[in-house]
Peer 1: 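Got a structure for you, questions after.
Whatever order the structure lists ligands and atoms in, that order sets their numbers, starting from 1.
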Amino acid sequence: VEAIQPVALKHAYRLMNTGATVLVSAAHAGRSNVMAAAWNMPLDFLPCKVSVVLDKATYTRELIVASGEFLLSVPCQAQAALTAAVGTQSGRDMAEGKHAQLAVQTFALPGVGISAVEGAIGWLACRRIAEPHLENTYDIFIGEVWAAWSDTAVFKDGKYLPLAQTPPARRTLHHLGSGRFVVPGDEVQG
Ligand SMILES: Cc1cc2nc3c(=O)[nH]c(=O)nc-3n(C[C@H](O)[C@H](O)[C@H](O)COP(=O)(O)O)c2cc1C
């Protein structure tokens, strides 16, 4: 095992394959924003709950704390550059807002007061379940999903279609760090 070497602890998390990167959107008092989040995880079936790590410096987190809600959009390969862009530039100091500045196209989902990212493959509307300890100590935010939608060309009847039927451009993005993503290439039966 001479080829085994230590991994710097600041990079150890990269050994863990991440689920699909999501875009986290929030709005409050006429301000809206969107950021990328690779550190996300489903938490429960029903009521459906999810979690996402939101750094204290993010403007999105501030809007979520103020409004009590957020919207997740699941981007695809065609949106890799957009995902990296909204994930590297904070909207906090963008006078026109991040959507306008980075040309993020959005649309309205029924009953949702936060604009959804157009061209994504799925969307989850979440109400924040306030957990101050988790938020302050670990930056973990928990949301109860009260509605969800998908592009039926990719995800239909409660599941992803066979990968072979999904054009590469519509496949999910899995972050490797440093703006590199893996896009699923094979489906195997376990
Ligand atoms: C692919 C990708 C994944 C990211 N994942 C996270 C994450 O899980 N949590 C986080 O706090 N920031 C994450 N970031 C960084 C934020 O998206 C970044 O700080 C962003 O500029 C925050 O925007 P805001 O200040 O406009 O809210 C990620 C960035 C990229 C490019």
Side-chain angles (χ1 to χ4, degrees), residues 9-43 49-106 113-117 119-126 128-143 145 168-184:
L9 292 184
K10 67 176 180 184
H11 292 146
Y13 78 91
R14 290 181 176 168
L15 284 166
M16 296 174 62
N17 187 24
T18 63
T21 290
V22 297
L23 304 178
V24 186
S25 298
H28 180 67
R31 301 177 297 156
S32 61
N33 200 57
V34 57
M35 65 172 267
W39 291 1
N40 62 75
M41 184 173 79
L43 277 187
K49 292 183 210 67
V50 296
S51 63
V52 56
V53 172
L54 301 172
D55 190 85
K56 290 179 183 64
T58 63
Y59 182 43
T60 308
R61 171 173 171 157
E62 186 180 313
L63 296 178
I64 292 171
V65 170
S67 68
E69 49 189 358
F70 56 97
L71 176 74
L72 303 181
S73 299
V74 182
C76 57
Q77 178 174 5
Q79 298 173 303
L82 173 94
T83 301
V86 301
T88 48
Q89 301 173 58
S90 178
R92 192 181 294 282
D93 301 316
M94 293 182 183
E96 306 295 318
K98 196 187 280 192
H99 292 97
Q101 179 108 6
L102 300 180
V104 182
Q105 304 297 316
T106 62
I114 304 169
S115 49
V117 178
I121 61 178
W123 301 268
L124 301 96
C126 305
R128 169 190 176 220
I129 298 175
E131 288 286 355
H133 175 71
L134 293 178
E135 294 169 358
N136 295 333
T137 311
Y138 304 107
D139 297 329
I140 294 175
F141 280 70
I142 296 178
V145 181
R170 300 293 288 156
R171 296 181 188 177
T172 46
L173 293 167
H174 302 254
H175 196 220
L176 298 180
S178 306
R180 294 166 59 214
F181 297 99
V182 157
V183 175

Peer 1: Would you mind checking which non-hydrogen protein atom is closest to atom 27 (O) of ligand 1, with the distance to 0.1 Å?
Peer 2: T60 OG1, 2.5 Å

Peer 1: Give me the residue, atom name and distance of the protein heavy atom closest to atom 25 (O) of ligand 1.
Peer 2: S90 OG, 2.6 Å

Peer 1: If I take atom OG1 from residue T18 and atom CE from residue M41, how far apart are they, to the nearest 0.5 angstrom?
Peer 2: 13.5 Å

Peer 1: So with a 6.0 Å cut-off around CG of L15, is the heavy-atom count from everything else above 12?
Peer 2: yes

Peer 1: Suppose we measure from atom 12 (N) of ligand 1 to each protein heavy atom; which comes out shortest, and what is that distance?
Peer 2: M35 CE, 3.4 Å

Peer 1: For atom 23 (O) of ligand 1, grab the closest protein heavy atom and report residue, atom and distance to one decimal in Å.
Peer 2: K98 NZ, 3.1 Å

Peer 1: Give me the nearest non-hydrogen protein atom to atom 9 (N) of ligand 1 as residue plus atom name, then the distance to 0.1 Å.
Peer 2: V53 O, 2.7 Å

Peer 1: For A20, is there any backbone N or O sitting under 3.5 Å from a side-chain donor or acceptor partner on N40?
Peer 2: yes

Peer 1: Main chain of A116, side chain of S73: is a donor-acceptor contact present, judged purely on distance under 3.5 Å?
Peer 2: no

Peer 1: Hey, is V86 touching ligand 1 through its side chain, its backbone, both or neither, going by heavy atoms under 4.0 Å?
Peer 2: backbone

Peer 1: What protein heavy atom sits nearest atom 3 (C) of ligand 1, and how far away is it?
Peer 2: A38 N, 3.6 Å

Peer 1: Given S25, G97, A36, which has its nearest heavy atom closest to atom 13 (C) of ligand 1?
Peer 2: A36

Peer 1: Looking at atom 8 (O) of ligand 1, what's its closest protein heavy atom, distance included?
Peer 2: W39 N, 2.9 Å

Peer 1: For K56, which residues count as a salt bridge (charged side-chain N to carboxylate O under 4.0 Å, His left out) partner, sequence neighbours excluded?
Peer 2: D139

Peer 1: Does the N or O separation between D55 and ligand 1 drop below 3.5 Å for any pair?
Peer 2: yes

Peer 1: Quick test of your reading: applying ring-ring contact (aromatic ring centres under 6.0 Å, His included), list the pairs with at least one residue in residues 18-42, sequence neighbours left out, ordered by first then second residue.
Peer 2: Y13-W39

Peer 1: If the plane angle is over 60° it's perpendicular, under 30° parallel, otherwise tilted; pick one for H175 and F181.
Peer 2: tilted

Peer 1: For atom 16 (C) of ligand 1, what is the closest protein heavy atom, and at what distance to 0.1 Å?
Peer 2: G87 O, 3.6 Å

